[in-house]
Amino acid sequence: MRNETVRSLTISNPKRGLSLEIGQLGIDGRTNLIAPSPYANLAKSWESKPESWVDYRVKAQVAYVDMKARFFNDGPDPRVGRMMDLAQSLGVPQRDMDQIRQSLAYDDAYRAQGLVISSLMAQMGRAYHLGGPVDVAWSVTSLTKLMHLAPNQAFDESIGFRIRLPGDELFLGVFGGVMQNISPVSNRVYQELMSNGRVEAGLNLEQAPHWTTALWGRVPGMDDANFSVSVGQRYNKDTTVSQGEAALMTSFKRVPVAVRASLSRETGDAVEFDRQKARLQVDAQLSDRTNAYLAYERDRIRYGNAELNSNAVVAGLTISLDGKRGGDRLTVDHLFGGQYEANASPLRPFLPEATKVVTGAIADGLEAAERAADLSRLVGSGASAAQIDAGLDRLSLALSRLGPEASVALIDRMSALPLSDDQKRLLADALTRVTTPGSEAEQRVRRALTALGPAVDAYIARAGPPAPTCSPASRATPGAPSNCCGCSPTRNRGTRSRSRPAGRACCARSPRRRSSTSRCSTRRSSSTRTRPS
């Protein structure tokens, strides 16, 4: 039982090695990634007899769990929606908007999945006395697991030496071996699925050498105290696991007490993985039938952009119902102040880029609005033609940073404002400056300008049809039109100055931009510029 809720119930028959366990996962409330999920597990075990020439044990299990879980524990952030709406109103291209929305959207609902999990473990080994204070032992282990549709096979071969040190029951052990893992898929299934859209099946073999050094025995000078200390490492394909354990067994006021501490860390730079686990536990035997424990455990996991921090204090009580070791017992424990923080939001790798795009659009939009307000004040205050012309240039430069999509959005909103005819014509002049003659964007701006009313109809007609696009062939052909004079029709958006490179003033110039003379000049003066009345 945990927190007044039945966590698991086991019915066993030690003579036949059978046990049936039923219970629930996710009932302690430490994480909302897993909802309460019932399970059942049936196990059968076989062990060697004392007279066997080799020690062995075999254990088979099959379980079913109705898993209810989800990937992320934080719902969609409402700030993202407000940011996207603002970006759209400022004219961010729809293609970029769709890409950002796809990156920032996900489903955080619980999903139910029935899982069948089975395993078969077989282990054998033997210890021999070599002579003197040295003993040797070997072991071979096989573990076969099947989870849903994913089979996995692991082996381990280990050998160890035990040396009796001078003193009273003091031992030193050195152990080493190699683990193998065989699977039809590699350990980069998710990466393959994301990059290729499929999982490549085949024979995948991984090896993980490991070693452990341990020291154990009676504490010198203390007859009722024993200890054990061990350190070791395991070298997986992509990670390295370092771990250490220490334990002290003694008695306090005739009550047997054991203190255990363990610390492990698994790191992998290539896969951006770092996991640190720590546990400190105190056990006390209160009576022949009652044992109690108090434990603190901590778990820190970082995997790419996912992060998990878990802290918990657990206290429990185990009561033996028949007074026999390995017999019937009842265990009740309680979780005190458990904290489980999972920062696994998928938004984290995409938010900086999305924020950059939206922030840039906001800044450009605010500048365009400021330049439009300045131009409106100039018109209302009766400024000179030169001042208004300079204001138009500043507004054109600001609108060029927004792009044609923002220009069309601005026209849609400006059409609802009570602008004077002169203000509408000034706006139309500024908007047509930011588009390339003959481009699709210019056509969209021209069509949108009709929403400003009849005040700009004559202006649009005076601007004439879109200029033809120059091609290399037409520029090389004698007698080519004068507006294809060997220069690109794309206008210089970098400076917005009145002066233009030689020859550029003749290129794709609309009639409203021509001077009153038929000769193309490199530099125009405001006195020769034709403006709408």
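Just so it is clear, the structure is predicted and the values come from calculations on it, not from any experiment.
- Here the side chains of Val58 and Leu120 are in contact, with some heavy-atom distance below 4.5 Å.
- Salt-bridge formation is detected for the pair Arg279/Glu297: a Lys NZ or Arg NE/NH1/NH2 atom is positioned less than 4.0 Å from an Asp or Glu carboxylate oxygen.
- Every residue two or more places apart in sequence or in another chain was checked for a ring-ring contact (aromatic ring centres under 6.0 Å, His included) with Tyr64, and none qualifies.
- A donor atom on one side chain and an acceptor atom on the other are not found under 3.5 Å apart for Gln243 and Ser264.
- Between Leu25 and Met67 the shortest side-chain heavy-atom distance falls below 4.5 Å.
- Under the 30°/60° scheme for interplanar angles, the aromatic rings of Phe171 and Trp216 are found to lie parallel.
- Between Trp46 atom CH2 and Tyr56 atom OH the span is 10.5 Å, to the nearest 0.5 Å.
- For residues 33-46, the set of pairs meeting the salt bridge (Lys or Arg N to Asp or Glu O under 4.0 Å) definition, not counting sequence neighbours, is empty.
- Residue pairs meeting the salt bridge (Lys or Arg N to Asp or Glu O under 4.0 Å) criterion with at least one partner in residues 120-144, sequence neighbours excluded, are Asp55-Arg126, Asp135-Arg162.
- Around the CE atom of Met121, the shell of radius 6.0 Å holds more than 12 heavy atoms that belong to other residues, nucleotides or ligands.
- Contact annotation: the side chain of Thr213 never approaches that of Gln233 to less than 4.5 Å [non-hydrogen atoms, C-beta and beyond].
- The CG atom of Asp269 lies 10.5 Å from the OG1 atom of Thr239; values are rounded to the nearest 0.5 Å.
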